[in-house]
Amino acid sequence: SLSPELALSVVTSSAQKTYDYSATTGGFDARVGAGVLDIDRMFEAALNYIDGANDNDYEGDIITKKIYVTAGEELQVGFAWLITAEEVRNSHADLHITDYDVKIYDYLYADQPIASSTSTNSNVEVVRYTPQYDGQVWVVVTQNDPIDWSYIEYDYYALTYAGGMETPYG
């Protein structure tokens, strides 16, 4: 079975792009949906995931994942999270969404990413990258601005990808 955040990430990381957008100007903030569902890619993405919980009081990298890529084959990474906030369930308080970024680097600790999604008003990030050469890339998820509000308990998150491999041998 899939948790809600994993299901959201699977759909995001496997959808076929139906329009152009700029990840640097907010990703899907101004859109509804991520494209057309691709069932084959959904199965692939559902097998390639990392999930967990984050207590929100941390600033920095929460996931670092090496993925092997093939020249000309698009890598699509989805990251989704759902927040648990006890008091918000019973009130009309404004809900602050934790700010995560997803970046792809051609080598770990590179100065600049080769692709990124840095939305601030959504609980979904998606990044697409088509490599020119076979090799490896690093996907890094970073939490920005730790949240220390007492009513926010955890974010449950999932990162999924399609178009890449866990090992260079597939």
Side-chain angles (χ1 to χ4, degrees), residues 1-29 31-54 58 60-83 97-110 112-120 122-144 155-170:
S1 65
L2 298 177
S3 64
E5 64 277 5
L6 183 54
L8 182 56
S9 184
V10 165
V11 169
T12 301
S13 66
S14 62
Q16 294 179 1
K17 185 166 82 169
T18 57
Y19 50 81
D20 289 325
Y21 69 95
S22 170
T24 59
T25 59
F28 291 129
D29 288 353
R31 305 283 186 210
V32 175
V36 176
L37 293 180
D38 182 328
I39 298 300
D40 292 332
R41 283 179 65 99
M42 286 179 77
F43 284 116
E44 178 186 352
L47 295 174
N48 297 317
Y49 73 92
I50 298 171
D51 61 353
N54 181 26
Y58 177 76
D61 299 344
I62 65 164
I63 296 174
T64 302
K65 174 72 177 163
K66 180 169 48 174
I67 300 173
Y68 291 89
V69 293
T70 302
E73 185 176 337
E74 182 181 69
L75 170 66
Q76 187 165 319
V77 178
F79 182 73
W81 62 98
L82 299 176
I83 195 169
I97 297 174
T98 311
D99 181 21
Y100 293 100
D101 293 337
V102 179
K103 298 178 182 179
I104 299 175
Y105 295 90
D106 53 0
Y107 60 94
L108 196 56
Y109 307 117
Q112 296 295 320
I114 52 179
S116 64
S117 178
T118 57
S119 170
T120 58
S122 175
N123 67 324
V124 174
E125 301 281 351
V126 64
V127 182
R128 292 181 174 96
Y129 171 67
T130 303
Q132 295 180 0
Y133 307 99
D134 291 357
Q136 64 188 26
V137 296
W138 292 90
V139 174
V140 178
V141 178
T142 304
Q143 179 183 341
N144 304 300
D155 285 345
Y156 293 95
Y157 64 80
L159 177 133
T160 57
Y161 62 92
M165 299 174 284
E166 181 81 20
T167 67
Y169 309 108

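Everything numeric in this text was worked out from a predicted model, so none of it was measured. Values reported hereafter were calculated over all heavy atoms of this structure, with side chains retained and with hydrogens, waters and symmetry mates removed.
- Put simply, the side chain of E74 never gets that close to the backbone of G163: no donor and acceptor are under 3.5 Å apart.
- Distance check, rounded to the nearest 0.5 Å: OH of Y129 to CG of D106 gives 6.5 Å.
- Considering only residues two or more places apart in sequence or on other chains, T160 meets the side chain to side chain contact (heavy atoms under 4.5 Å, CB included) condition with L6, S9, V10, S13, A45, Y49.
- Proximity of a side-chain donor or acceptor of N123 to a complementary backbone N or O of W81 within less than 3.5 Å is detected.
- Not one N or O on the side chain of Q76 forms a donor-acceptor pair closer than 3.5 Å with the backbone of V126.
- How far OG1 of T98 is from CD1 of I62: 9.0 Å, rounded to the nearest 0.5 Å.
- Listed by chain and residue number, nothing satisfies the side-chain hydrogen bond (donor to acceptor under 3.5 Å, both in side chains) test with T130 (two or more places apart in sequence, or in another chain).
- Contact of the K103 side chain with the V127 side chain is not registered, since no non-hydrogen atoms from C-beta on lie closer than 4.5 Å.
- Here the closest non-hydrogen pair linking R128 and A115 is O-CB, 3.9 Å.
- For the pair A71 and Q132, the tightest heavy-atom approach, listed with the atom from each and the gap, is CB-O, 3.4 Å.
- Here CG of N48 is found 4.0 Å from OH of Y161. Values are rounded to the nearest 0.5 Å.
- For Y100, the side-chain hydrogen bond (donor to acceptor under 3.5 Å, both in side chains) criterion is met by N54, D155, not counting sequence neighbours.
- S119 approaches E125 most closely through the heavy-atom pair O-OE2, 2.9 Å.
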>> For a side-chain hydrogen bond (donor to acceptor under 3.5 Å, both in side chains) check, start with the C-alpha distance between T142 and D61, then their side-chain angles and the critical distance, and finish with the verdict.
In response: CA-CA 4 Å; T142 304; D61 299 344; 2.8 Å; yes

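- How far CD1 of I67 is from CG of L75: 5.0 Å, rounded to the nearest 0.5 Å.
- Inter-residue side-chain proximity for E5 and L8 is flagged as unmet; no heavy-atom pair is nearer than 4.5 Å.
- By the side-chain hydrogen bond (donor to acceptor under 3.5 Å, both in side chains) test, D38 is found to be paired with Q16, residues two or more places apart in sequence or in another chain being considered.
- Take K65 and apply the side-chain hydrogen bond (donor to acceptor under 3.5 Å, both in side chains) test, not counting sequence neighbours, and it matches E166.
- What you find for A80 and V124 is that their closest heavy atoms are CB-CG2, 4.3 Å.
- Taking every heavy atom of both residues into account, S14 and M42 meet most closely at OG-CG, 2.9 Å.
- D101 approaches T118 most closely through the heavy-atom pair OD1-CA, 3.2 Å.
- Partners of Q136 according to the side chain to side chain contact (heavy atoms under 4.5 Å, CB included) rule, which considers only residues two or more places apart in sequence or in another chain, are K66, Y68, W138.
- The shortest side-chain heavy-atom distance between F79 and I63 falls under the 4.5 Å cut-off.
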